[in-house]
Structures are given as C-alpha cells and as structure tokens.
Amino acid sequence: MRRMLIALAVLTMAAALISTGCAGRGAPPTIKIGVNAELTGDIPKVGESCKRAAQMWLEDIEAAGGLEVGGKKYKVELLIEDNESKPESAAAAATKLITQDQVLAIVGPNASKVAIPAGEVCNNQKCPMISPWSTNPRTTKNRPWVFRACFLDDFQGPVVARFVTEEFKFTKAAVLYDVASDYPKGLAEFFKKAWEEIHGPGSVVAFESFVTKDRDFSAQLTKIIASGAEFLFTPQYYDEVPLILKQARELGFTRPVVGSDSWGSPELVKLAGPLCHGCFFTTHYAAAGAKGATKEFIDRFQAKYGEVPDDVAALTWDSIRILEAAIKAAGKITGDLAADRKAVRDAMAAIKDFDGITGKMTFTEEGDPIKAAVIVRISDTGEFEFYKFVSPQ
C-alpha cells in the first residue's frame with residue numbers, strides 16, 4: 001500500500017511538471033519593464049508625461065509583434081508604479097518592481113528627490129535603472145546599475161552662469177531655492193560656485209532659501225530686492241515658479257528671472273500666464289522649431305494626447321529606447337533574471353552615440369550622458385522657443 005501511495009505521489013508530481021511545461025510551451029515569452037513615475041503628489045504632470053511616452057513606445061513594440069532579441073520576438077509588459085513624488089514611496093515602488101514583479105529593468109523616477117532613493121534600491125538589487133529627468137549627481141554616483149538620459153546639475157549650473165554673463169553682462173546674482181529638496185538645493189549650489197568663479201566671491205549677493213510647501217516668499221524676496229541683484233535664478237519646479245514670479249513682481253522686482261529644466265512643463269505657462277513671458281531657462285530640448293525624428297515624436301504625441309510633449313516625455317522616449325537598444329544588444333533572454341539584468345546593464349554601459357530626440361548620447365563610467373543643453377525663451381504668447389545650444393566644455 002505504501003509503495004502505491006509513493007508511486008501515486010510521484011505520478012502526481014510528474015503530471016504537474018508536465019502541465020507547467022506545456023503551459024509555457026507556445027505561450028509568448030514576456031519581458032517585463034517597470035516604470036517608476038510621479039503620478040500623484042507635488043508634480044503629477046511629470047509622471048503623466050513619463051507614462052504617456054512609455055505607453056506610446058509600447059504601442060510600437062506591439063505593432064511590430066513584440067521586441068526582437070537574438071532573432072526571437074518577445075511580448076513586452078509595462079508595470080507602472082506611482083511613487084507619489086515621495087522618496088520613501090519611490091524606494092518602495094522600486095523594491096516591488098524588482099522583487100515582486102520581477103522586471104528586467106526600470107525607467108524612472110524622474111525628479112531627483114525620488115530618483116536618488118530609488119537608484120539606491122536598484123543598485124543594491126542589481127537591477128538596471130535609467131532616469132529620464134534626474135539631474136542631481138547623487139542619482140548615479142558610485143551606482144553602476146543606474147543611468148540617466150539628461151545632463152547633470154554640475155553641468156547645468158555653470159551653463160546658467162555662463163549664459164547670463166554673456167547674454168546680459170550682469171555681475172550680481174540672487175538665488176531663491178528649496179533647501180529641503182535635493183534637486184533645487186544641489187543646482188543652486190552648483191550655480192553659486194560657477195557664478196563666483198566667474199565674478200568673484202560675494203557676487204551672489206543674495207542666496208535665499210525656503211522649505212518644501214512654503215507659499216510665502218516675501219521675506220526672501222524683500223532681501224533679494226535690497227541686495228541690488230541684477231537677476232534672480234530660481235531652480236524650482238513648475239508648480240512653484242508661478243507663485244514666486246507673482247510675489248516678486250508684486251514687491252517690485254522687475255529684473256529678469258531665470259530658471260532651470262524643472263520649468264519645462266506647459267503647466268508653468270498655464271499657471272503663470274504673462275508673468276513668465278520673456279523668461280529664460282535651461283532644458284533638454286525645445287519643441288518649437290524641432291526637426292526630423294524629434295518633430296515626428298512631437299507631432300505623434302500631440303495627436304494622441306492633445307498637447308505638446310514636455311522635456312520629461314522626450315527624455316522618457318529616449319530612456320526607454322536606450323533600454324530597448326541595450327536589451328537587443330544583450331543578444332538573448334536566458335530566463336535567468338539575474339544574468340539577464342547583468343547583460344542589459346553591461347550593454348547599456350557600452351552604448352556609443354545613441355541618436356536620441358534630445359541629442360546624441362554616450363555614457364560616462366558613472367552612467368551619465370555627454371550631451372548639450374538647450375536655452376529656451378518663453379515667448380510673448382507663452383511658447384517655449386529654442387534660443388541657443390550650450391555644449392559641454
């Protein structure tokens with residue numbers, strides 16, 4: 001009787017194994033890609049742009065019958081997680097995508113305040129991650145599994161300093177920034193260092209800060225006006241800039257206000273109106289006047305979603321296509337997730353002269369692309385107009 005029970009158990013197990021094998025046979029293999037995006041919280045437009053661009057890319061893959069790797073086509077699944085624009089949520093989303101959802105690689109987060117903690121998770125878990133929009137050096141520093149598609153703040157800060165110096169011949173600068181957020185804090189410091197290297201110590205005549213969620217900047221702006229600053233640099237997100245502009249003008253500050261790539265959302269123009277007309281900011285691409293593949297992307301995005309894509313959408317498009325190129329270059333999908341992640345990471349690090357819609361990219365050892373910055377002027381009708389390129393020095 002005991003022998004019969006053992007034999008029955010063995011037959012049952014064998015049947016289960018055969019069933020599993022049959023279930024896999026013929027079913028299309030799936031490559032899972034995670035998207036860690038700011039869908040809610042302070043900057044939901046950033047997450048929306050990222051999600052839209054990723055989904056548009058997926059449409060192309062599905063229309064082609066799958067993603068071809070080593071002569072075999074794979075179904076692709078996007079797993080999109082909301083990081084709520086919070087560091088702890090971004091880290092939790094990365095952990096879920098890696099350990100529970102078993103993704104091959106992750107696109108996002110975008111903002112540095114969430115990309116830095118998520119990058120730590122991805123690097124520790126050895127899962128490739130590429131941030132479309134995070135410019136803080138800490139996102140990729142000493143993290144060989146983390147990449148980005150945008151330039152860095154230690155490049156962007158000096159770009160702003162050089163541009164204002166050459167364009168306006170100013171010598172006295174003021175800065176207003178959120179000291180509690182990684183992106184504006186880091187960029188403000190890089191700008192101050194670059195400006196004072198050009199114009200000497202003390203040439204940043206006001207270096208004023210606040211903390212996240214503050215909505216009254218009158219005390220800081222009053223000091224800035226009294227300092228005799230010839231312009232204001234404020235590297236804040238698109239949702240904060242309109243209030244800063246409004247209060248500055250109400251207090252009588254009529255000098256130019258200059259921004260950074262965090263200004264690049266059309267929402268800024270909707271919220272600020274004419275207050276932002278004539279302002280300049282650094283960014284990654286300009287929709288007005290775009291040509292070739294960039295123009296094709298803009299037209300297609302606009303037709304699908306009813307609005308011109310911002311820089312986050314364009315950089316997400318480049319990021320996920322860089323990931324696609326790396327997966328193809330890896331040569332095959334073995335089914336060993338750890339090995340496949342390593343192959344994709346190595347292939348991404350080896351990419352040379354990737355022809356993105358935001359510029360050509362080759363990665364440094366830190367996973368950062370070498371590329372130019374764009375200076376944009378907000379026109380009198382609220383359009384983001386290309387003004388000039390500034391290349392790395």
Side-chain angles (χ1 to χ4, degrees), residues 42-43 153 156-265 267-283 375-380 382 384-385 387:
D42 296 338
I43 47 175
D153 291 337
Q156 185 173 195
V159 163
V160 176
R162 287 202 307 274
F163 167 70
V164 173
T165 298
E166 295 168 2
E167 188 74 20
F168 299 110
K169 314 300 181 190
F170 292 157
T171 59
K172 294 187 291 186
V175 181
L176 179 60
Y177 68 101
D178 181 354
V179 72
S181 182
D182 289 312
Y183 166 78
K185 180 177 183 294
L187 184 49
E189 291 170 348
F190 284 122
F191 168 79
K192 183 174 186 291
K193 181 175 183 291
W195 184 266
E196 293 190 337
E197 285 177 354
I198 298 171
H199 299 287
S203 55
V204 175
V205 295
F207 195 65
E208 296 296 321
S209 64
F210 60 92
V211 294
T212 310
K213 303 293 186 184
D214 280 357
R215 288 295 180 265
D216 182 359
F217 312 106
S218 57
Q220 295 93 329
L221 290 166
T222 299
K223 290 181 182 177
I224 287 169
I225 293 169
S227 73
E230 295 169 293
F231 77 103
L232 170 63
F233 174 55
T234 184
Q236 292 307 129
Y237 292 108
Y238 69 84
D239 62 321
E240 300 162 315
V241 174
L243 194 55
I244 292 172
L245 288 171
K246 181 176 184 292
Q247 293 181 19
R249 298 315 187 203
E250 287 176 349
L251 288 169
F253 186 77
T254 58
R255 308 295 297 183
V257 181
V258 178
S260 54
D261 63 314
S262 53
W263 284 37
S265 171
E267 289 294 304
L268 183 144
V269 177
K270 292 180 183 176
L271 296 170
L275 287 171
C276 68
H277 294 176
C279 290
F280 293 90
F281 64 92
T282 48
T283 189
I375 303 293
V376 160
R377 180 183 181 275
I378 304 177
S379 75
D380 294 340
F384 291 167
E385 293 181 336
Y387 194 73

From CZ (Phe280) to CD (Glu167), nearest 0.5 Å: 5.5 Å

Between side-chain atoms of residues 218-226 and protein atoms elsewhere (two or more places apart, or another chain), which donor-acceptor pairs fall under 3.5 Å?
residue, atom, partner, partner atom, Å
Ser218, OG, Asp216, OD1, 2.7
Gln220, NE2, Ser209, O, 3.1
Thr222, OG1, Ser218, O, 2.7

Val258 vs Phe231, side chain to side chain contact (heavy atoms under 4.5 Å, CB included): CA-CA, chis, key distance, verdict: CA-CA 7 Å; Val258 178; Phe231 77 103; 4.0 Å; yes

With Val205 via side-chain contact (heavy atoms from CB on, under 4.5 Å) - residues at least two apart: Lys172, Ser227, Ala229

Phe168 and Phe170 aromatic ring geometry - parallel, tilted or perpendicular at 30°/60° bounds: parallel

Student check: side-chain heavy atoms of Val241 and Cys276 closer than 4.5 Å: no

Pair listing, salt bridge (Lys or Arg N to Asp or Glu O under 4.0 Å) test, anchored in residues 225-243, at least two apart: none

Note, Val175 side chain near Phe191 side chain (heavy atom, < 4.5 Å): yes

Which residues share a ring pair (Phe, Tyr, Trp, His ring centres under 6.0 Å) with Tyr238, sequence neighbours left out: none

For Thr283, all residues meeting side-chain hydrogen bond (donor to acceptor under 3.5 Å, both in side chains), sequence neighbours excluded: Asp311

Within residues 189-209 or reaching into it, pairs that qualify as salt bridge (Lys or Arg N to Asp or Glu O under 4.0 Å) - sequence neighbours excluded: Lys185-Glu189, Lys192-Glu196, Lys193-Glu197

Heavy-atom pair with the smallest gap, counting every atom of Pro235 and Ala188: CG-N, 4.2 Å

Show me, pair by pair, the donor-acceptor contacts under 3.5 angstrom made by side chains of residues 246-254, not counting sequence neighbours?
residue, atom, partner, partner atom, Å
Lys246, NZ, Glu250, OE2, 2.7
Gln247, OE1, Phe217, N, 2.8
Gln247, NE2, Arg215, O, 2.8
Arg249, NH1, Phe253, O, 2.6
Arg249, NH1, Arg255, O, 2.9
Arg249, NH2, Arg255, O, 3.4

Rounded distance (nearest 0.5 Å) linking atom CZ of Phe233 with atom CZ of Phe207: 9.5 Å

Pairwise side-chain contact, Leu268 with Ile378, heavy-atom cut-off 4.5 Å (strictly under): yes

4.5 Å side-chain heavy-atom contact, Ser262 and Tyr183: yes

Partners passing ring pair (Phe, Tyr, Trp, His ring centres under 6.0 Å) against Phe190 (at least two apart in sequence or in another chain): none

Sequence-distant partners of Pro274, side-chain contact (heavy atoms from CB on, under 4.5 Å), two or more places apart: His277

Student check: side-chain heavy atoms of Val159 and Ile375 closer than 4.5 Å: yes

Salt bridge (charged side-chain N to carboxylate O under 4.0 Å, His left out) partners for Asp182, two or more places apart: Arg138

Those residues that, when tested against Lys169, pass salt bridge (charged side-chain N to carboxylate O under 4.0 Å, His left out) (two or more places apart): none

Minimal non-hydrogen separation, Leu187 against Ser260, with atom names: CD2-CB, 3.4 Å

Partners meeting side-chain contact (heavy atoms from CB on, under 4.5 Å) with Ser181 (sequence neighbours left out): Lys113, Asp178, Pro184, Thr212, Tyr237

Any side-chain heavy-atom pair of Trp195 and Ser203 under 4.5 Å: yes

Interatomic distance, Leu243 atom CG to Leu275 atom CG [nearest 0.5 angstrom]: 10.5 Å

Close side-chain approach of Cys279 to Trp263, heavy-atom, < 4.5 Å: yes

